[in-house]
Engineer: 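My questions all concern the structure below.
Labels below follow one simple rule: chain letters A, B, ... track the order of the sequence lines, proteins then strands, and each chain is numbered from 1.
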There are 2 protein chains.
Amino acid sequence: MHMTLKPGAPTAPANSTAPKRRLRPAERRLQIVEAAVAFFAEAGLAGTTRDLSQRLGITQSLLYKYFDSKESLVEAVFERVYLDRLQPEWRALLLDRALPLRERMLRFYTAYTDAIFTYEWMRIFMFSGLAGAQLNARYLGHLRVAFLEPMLGEIAASAASARAPDMEDIWNLHGGIVYLGIRRFVYQTPTPDDVRPAIQRAIDRFLRDFGIGER
Amino acid sequence: MHMTLKPGAPTAPANSTAPKRRLRPAERRLQIVEAAVAFFAEAGLAGTTRDLSQRLGITQSLLYKYFDSKESLVEAVFERVYLDRLQPEWRALLLDRALPLRERMLRFYTAYTDAIFTYEWMRIFMFSGLAGAQLNARYLGHLRVAFLEPMLGEIAASAASARAPDMEDIWNLHGGIVYLGIRRFVYQTPTPDDVRPAIQRAIDRFLRDFGIGER
DNA sequence: GATTTTAGAGATCATTTGATCAATAAGAAA
DNA sequence: TTTCTTATTGATCAAATGATCTCTAAAATC
């Protein structure tokens with residue numbers, strides 16, 4: 001018997017509302033990329049072009065009209081998934097001393113987890129990390145410089161106690177929060193529907209430790 | 001061009017010290033499983049049997065003398081990787097009130113991260129999680145019942161303040177620590193060589209939050 | 001040393017899968 | 001309506017890959 005260990009095509013109905021019509025290139029391309037995001041998130045980056053095309057209700061060869069290779073399709077998927085997830089204004093939010101630091105961090109992590117706690121993002125990020133894609137390192141570097149380091153600076157500035165956090169403390173806070181998404185979407189283990197209470201407690205715990213009271 | 005997105009066989013020298021001799025079945029089987037652990041950790045569970053056999057310096061067909069299918073080989077890999085990682089005595093350690101709680105938690109997480117912060121374990125755990133293997137959920141369930149819930153109980157018992165942690169707080173602590181390994185082995189991003197200081201700070205921060213002083 | 005057992009190699013099969021290309025028909029242009 | 005463009009299909013290729021089978025030679029047994 002010929003067995004493969006890849007997840008393959010999980011029971012996915014071919015687009016049942018099949019108009020079977022010719023689409024304008026731009027539309028079709030977008031449709032393909034969006035389906036590919038969902039498909040690769042589920043099946044992994046080793047998912048086959050045939051399974052993807054079946055899910056779209058188009059022929060496999062049509063994919064090659066829009067992408068030179070599977071690799072370039074995956075690249076388009078990355079672009080689509082990563083693009084515009086990190087909002088530059090979050091930086092201003094974190095630095096806005098008109099707001100209490102706790103409030104700023106709460107808002108930041110609420111917005112951040114709203115953005116990345118999706119089945120597609122979480123899993124594709126993991127898949128690409130495991131595949132050794134440079135993207136992840138760049139993403140985390142950007143995250144650190146644009147948001148986490150400013151956050152660290154603000155906490156240090158507010159810290160009443162002698163102790164101030166270092167970058168590893170920040171990563172610890174960050175990891176504790178992100179782990180919620182990993183449990184939910186990678187390990188597919190039960191997690192609270194609303195993650196905000198857990199996040200709030202994590203942030204409060206963190207700030208309290210550096211002498212920044214809730215009140 | 002025929003391109004595949006799988007990591008394939010990363011520049012791995014075929015066992016250069018090739019004695020090329022006949023091994024007794026038990027030895028050969030073990031040799032295969034150990035090589036498979038390293039190989040699948042690197043290439044993912046979709047790595048090919050041919051690449052694995054090449055790395056071992058044996059023929060691909062020989063693998064099938066020892067395993068019915070690739071699937072059963074992967075199962076043997078799981079068994080090898082998961083088996084005996086979690087030491088039952090850690091539970092007794094966590095419950096040993098002769099030791100300060102902080103000390104118990106410190107020792108537990110030192111032992112735990114010593115056990116799982118390896119390239120093989122971290123990556124194979126992620127791969128199998130993404131592949132939808134039930135194993136991960138079972139593992140985490142076991143971890144929770146055997147260690148994390150006892151830990152939660154001990155913290156609640158020691159908590160001076162009115163507030164006591166709930167399971168999500170424990171997962172937050174746990175996630176913050178495990179994230180170190182994810183950064184190192186999955187995202188392959190720089191992390192401190194010695195993780196103990198960061199772990200110590202995370203534990204102290206946690207305990208302090210529930211009124212359990214270091215001193 | 002002769003005989004038997006079986007670990008291992010090598011060839012090969014059947015699918016799978018990324019990719020290509022000529023033929024077709026849907027829709028726009030005339 | 002007719003003509004033209006091109007999105008889409010269907011057939012096909014070549015390489016990759018899990019699996020099987022026969023044969024050989026190393027080691028165990030006598």
Engineer: OP1 or OP2 of D:dG10 less than 4.0 angstrom from a side-chain nitrogen or oxygen of A:T59, does that happen here?
Structural biologist: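 For A:T59, the contact criterion (side-chain N or O under 4.0 Å from OP1 or OP2 of D:dG10) is not met.
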
Engineer: Which whole-number value in Å describes the distance from B:R28 CZ to D:dA27 C1'?
Structural biologist: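 B:R28 atom CZ is separated from D:dA27 atom C1' by 14 Å.
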
Engineer: Send over the distance from A:R24 CZ to D:dT5 P, rounded to a whole Å.
Structural biologist: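 So the CZ-P distance, A:R24 to D:dT5, works out to 19 Å.
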
Engineer: A:F67 near the nucleic acid: base, sugar-phosphate alone, or nothing, with a heavy-atom cut-off under 4.0 Å?
Structural biologist: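 It contacts nothing in the nucleic acid.
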
Engineer: May I have the distance from A:L63 (atom CG) to C:dG18 (atom P), rounded to whole angstrom?
Structural biologist: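 Taking CG of A:L63 and P of C:dG18, I get 10 Å after rounding.
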
Engineer: Given atom CG of A:L45 and atom C1' of C:dG18, what is their separation to the nearest angstrom?
Structural biologist: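 The distance from CG of A:L45 to C1' of C:dG18 comes to 15 Å, rounded to the nearest Å.
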
Engineer: B:F40 CZ to D:dT17 C1': how many Å, rounded?
Structural biologist: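 So the two atoms are 12 Å apart, to the nearest Å.
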
Engineer: For B:K65 and C:dG8, is the shortest distance between a side-chain N/O and OP1 or OP2 below 4.0 Å?
Structural biologist: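 For C:dG8, neither OP1 nor OP2 has a side-chain N or O of B:K65 closer than 4.0 Å.
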
Engineer: Between the base of D:dG18 and the side chain of B:T48, is there a donor and acceptor pair under 3.5 angstrom?
Structural biologist: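 Checked by distance alone, the answer is no.
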
Engineer: Please figure out whether B:L23 or B:Q60 has its closest DNA chain C nucleotide nearer the 5' end.
Structural biologist: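 Result: B:L23.
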
Engineer: Hey, can you tell me if A:F117 and A:F185 have their rings parallel, tilted or perpendicular (30° and 60° cut-offs)?
Structural biologist: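 Rings of A:F117 and A:F185: perpendicular, over 60°.
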
Engineer: C:dG10 base to B:S61 side chain: any donor-acceptor pair below 3.5 Å?
Structural biologist: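 Donor-acceptor pair under 3.5 Å: yes.
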
Engineer: Determine yes or no for a side-chain-to-main-chain donor-acceptor pair under 3.5 angstrom, with B:K70 supplying the side chain and B:T48 the backbone.
Structural biologist: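 Pair absent, no side-chain N/O of B:K70 close to backbone of B:T48.
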
Engineer: Report yes if a side-chain nitrogen or oxygen of B:Y64 is closer than 4.0 Å to either non-bridging phosphate oxygen (OP1 or OP2) of D:dA19; otherwise report no.
Structural biologist: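 For D:dA19, OP1 or OP2 has a side-chain N or O of B:Y64 closer than 4.0 Å.
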
Engineer: Using 30° and 60° as the class limits, which term best fits the ring planes of A:Y139 and A:W121: parallel, tilted or perpendicular?
Structural biologist: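 Tilted, since the angle between the ring planes falls between 30° and 60°.
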
Engineer: OP1 or OP2 of C:dG8 sitting under 4.0 Å from any side-chain N/O of B:Y66?
Structural biologist: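 So the side-chain polar atoms of B:Y66 do come within 4.0 Å of the phosphate oxygens OP1 or OP2 of C:dG8, strictly under.
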
Engineer: Measure CG/B:L62 against P/C:dA7 and give the value in whole Å, please.
Structural biologist: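 Distance, rounded to whole Å: 9 Å.
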
Engineer: Aromatic rings A:Y112 and A:F108: how do their planes relate, parallel, tilted or perpendicular, breaks at 30° and 60°?
Structural biologist: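 A:Y112 vs A:F108 ring planes: parallel.
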
Engineer: I need the NZ-P distance between B:K70 and C:dT16, as an integer number of Å.
Structural biologist: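 Result: 15 Å.
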
Engineer: Hey, what's the ring geometry for A:Y187 with A:Y179, parallel, tilted or perpendicular (30° and 60° as the breaks)?
Structural biologist: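 Correct class here is perpendicular.
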
Engineer: Kindly say whether, by distance alone, the side chain of B:R22 makes a donor-acceptor pair under 3.5 Å with the base of C:dT6?
Structural biologist: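 Present.
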
Engineer: Of A:R50 and A:I58, whose nearest nucleotide on DNA chain D comes first from the 5' end?
Structural biologist: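 So the residue in question is A:I58.
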
Engineer: Grab the CD-P distance between B:Q54 and D:dA16 for me, whole Å please.
Structural biologist: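 That distance rounds to 12 Å.
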
